[in-house]
> 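Below you will find the structure I want to go over with you.
As the structure lists them, so they are numbered: ligands from 1, and atoms in each ligand from 1.
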Amino acid sequence: MKLSVSVRAATAGAVATVTLLAGGTSSAGAAPAPRAAAPDIPVANVKAHLAQLQSIAAANGGNRAHGRPGYQASLTYVKSKLDAAGYTTRIQQFTASGRTGYNLIADWPGGDPDRVVMAGAHLDGVSYGPGINDNGSGSAAVLETALAVARAAHRPAGHLRFAWWGAEELGMVGSRYYVNQLSLMDRSRIDGYLNFDMIGSPNPGYFVYDDDPAIEKTFKDYFAGIGVPTEIETEGDGRSDHASFKNAGIPVGGLFTGASRTKTAAQAAKWGGTAGRAFDRCYHSSCDTTANIDDTALDRNSDAIAHAVWELSR
Ligand code: DTR
Ligand code: CA
Ligand code: ZN
Ligand code: ZN
């Protein structure tokens, strides 16, 4: 039976504690490692990635869509940052709507290969615009979290893997291809997949996926700790890249700030913003630019991503 990620981590911690209390020593002979807290993710760094993605779109026909030059240039940008930071990266090719698509997979060296914690975001946008909230926001936040791991020379017990998916807008094609290519053994090695698709909406809500309870609790506890109420995400079952992982029996979770649904008065009362207006009125539109981002939501969600990555892989 697969232990959910935080049960496994907690169990390991408990075993070490019991061993010490019984006067013995843990199997490693040392006290359990202190719980290293995730660093703050500088939202300015995340926004700098968004500015790069917008420039890429402007230089490539105005978009970063599957099969277009803007997607390829986005992939090259993200990969170059990760290669420079010491990641082991690989590009996975697939075909969607007659065009070649690409996933980018980045492994942080080290950690238990049987305890893989993944965080991912789709890097493609629609063809109508630069796709900054959808989904530059998730892509940039996952990238900056990966770079923070490298900056910290973090050595978690688990193995960290980050992914940027192609052709999500065509029906989660890239992430489905990735999961389908995994052997059953490799699927069993993934303790959890964390998905981030639209996490900087200009009229934001704070939604937590209610799939795996342990992952959901990790995010809800984080937001409770910063005094931000959350709601469970109800709009997206099967509507983003976590779907294929969930269908394969892998624990999933994630965060979402809302798309075309309208913010209620009750939600505006707890989150601020404008009742009666869409969470993102530029969803899938040309106005989904760097001006279509709420910095506070982007910052909070970026920090929550780092917290979950550190917590679930410890
Ligand atoms: N399918 C995503 C947008 C989307 C709509 N609802 C949800 C819920 C959870 C995550 C994402 C979404 C897209 O257009 O990329
Ligand atoms: Ca921050
Ligand atoms: Zn979309
Ligand atoms: Zn999306």
> Side-chain polar contacts of residues 40-48 - donor-acceptor pairs under 3.5 angstrom, sequence neighbours left out - could you list them?
residue	atom	partner	partner atom	Å
N45	ND2	E144	OE2	2.9
K47	NZ	D295	OD1	2.9
K47	NZ	D295	OD2	3.3

> Just verifying a value: how many Å separate N103 CG and S175 OG, rounded to the nearest 0.5 Å?
7.5 Å
> Could you walk me through whether N195 and L255 pass the side-chain contact (heavy atoms from CB on, under 4.5 Å) test, one step at a time?
CA-CA 7 Å; N195 191 62; L255 301 172; over 6 Å; no
> Is there a side-chain contact (heavy atoms from CB on, under 4.5 Å) between D107 and Y87 once you walk through the steps?
CA-CA 6 Å; D107 284 276; Y87 278 83; 5.8 Å; no
> Checking one value in my table: which N/O/S atom of H122 lies closest to the Zn ion (ligand 4)?
NE2
> Please state which option from F196, F256, F207 has its nearest heavy atom closest to atom 4 (C) of ligand 1.
F256
> Could you check, using the six-membered ring where one of them is a Trp, whether W108 and H159 have ring centers closer than 6.0 angstrom?
no
> Which atoms of ligand 1 are found less than 4.0 Å from any heavy atom of D134?
13 (C), 14 (O), 15 (O)
> Would H242 count as a contact of ligand 1 if the rule is a heavy atom under 4.0 Å away?
no
> Taking both backbone and side chain into account, is any N, O or S atom of D134 nearer than 2.8 Å to the Zn ion (ligand 3)?
yes
> Looking only at protein heavy atoms, which one is nearest to atom 8 (C) of ligand 1, and how far off is it?
G236 CA, 3.1 Å
> Under 2.8 Å from the Zn ion (ligand 3), can any N, O or S atom of H284 be found?
yes
> What protein heavy atom lies closest to atom 1 (N) of ligand 1? Include the residue and the distance to one decimal.
R239 O, 2.7 Å
> Establish, yes or no, whether a centroid distance under 6.0 Å links the rings of F207 and F219.
no
> Which atom, among the N/O/S set of D197, is closest to the Zn ion (ligand 4)?
OD1
> Please write down residue, atom name and distance for the protein heavy atom closest to atom 14 (O) of ligand 1.
Y283 OH, 2.7 Å
> For residues R68 and R64, determine if any side-chain heavy atom of one lies less than 4.5 Å from a side-chain heavy atom of the other.
no
> Please report which non-hydrogen protein atom sits nearest to atom 15 (O) of ligand 1, along with the residue it belongs to and the distance in Å to one decimal place.
E168 OE1, 2.9 Å
> For atom 10 (C) of ligand 1, which protein heavy atom lies nearest, and how many Å away is it?
Y209 OH, 3.5 Å
> With a cut-off of 4.0 Å, which atoms of ligand 1 are near a heavy atom of M198?
3 (C)
> Step through it carefully: locate the ring centre of Y209, locate the ring centre of H242, and say whether they are under 6.0 Å apart.
yes
> Just need the protein heavy atom nearest to atom 2 (C) of ligand 1, so name the residue and atom and give the distance.
D197 OD2, 3.3 Å
> Going by the atom numbers of ligand 1, which of them fall below 4.0 Å from some non-hydrogen atom of H284?
14 (O)
> Start with the C-alpha gap between E233 and D210, add the side-chain angles, then the distance that decides, and say whether side-chain contact (heavy atoms from CB on, under 4.5 Å) holds.
CA-CA 6 Å; E233 196 291 301; D210 63 334; 5.5 Å; no
> Of the options N301, D294, D280, I293, which is the one that meets S201 in a side chain to side chain contact (heavy atoms under 4.5 Å, CB included)?
D280
> Taking backbone and side chain together, does E169 place any N/O/S atom at a distance below 2.8 Å from the Zn ion (ligand 3)?
yes
> Return a yes/no value for S240: is any of its N or O atoms, backbone included, closer than 3.5 angstrom to an N or O of ligand 1?
no
> Determine, step by step, whether R261 and T234 satisfy the side-chain contact (heavy atoms from CB on, under 4.5 Å) criterion, reporting the C-alpha distance in whole Å, the side-chain angles of both residues, the deciding distance to 0.1 Å, and the verdict.
CA-CA 11 Å; R261 278 186 182 175; T234 57; 3.2 Å; yes
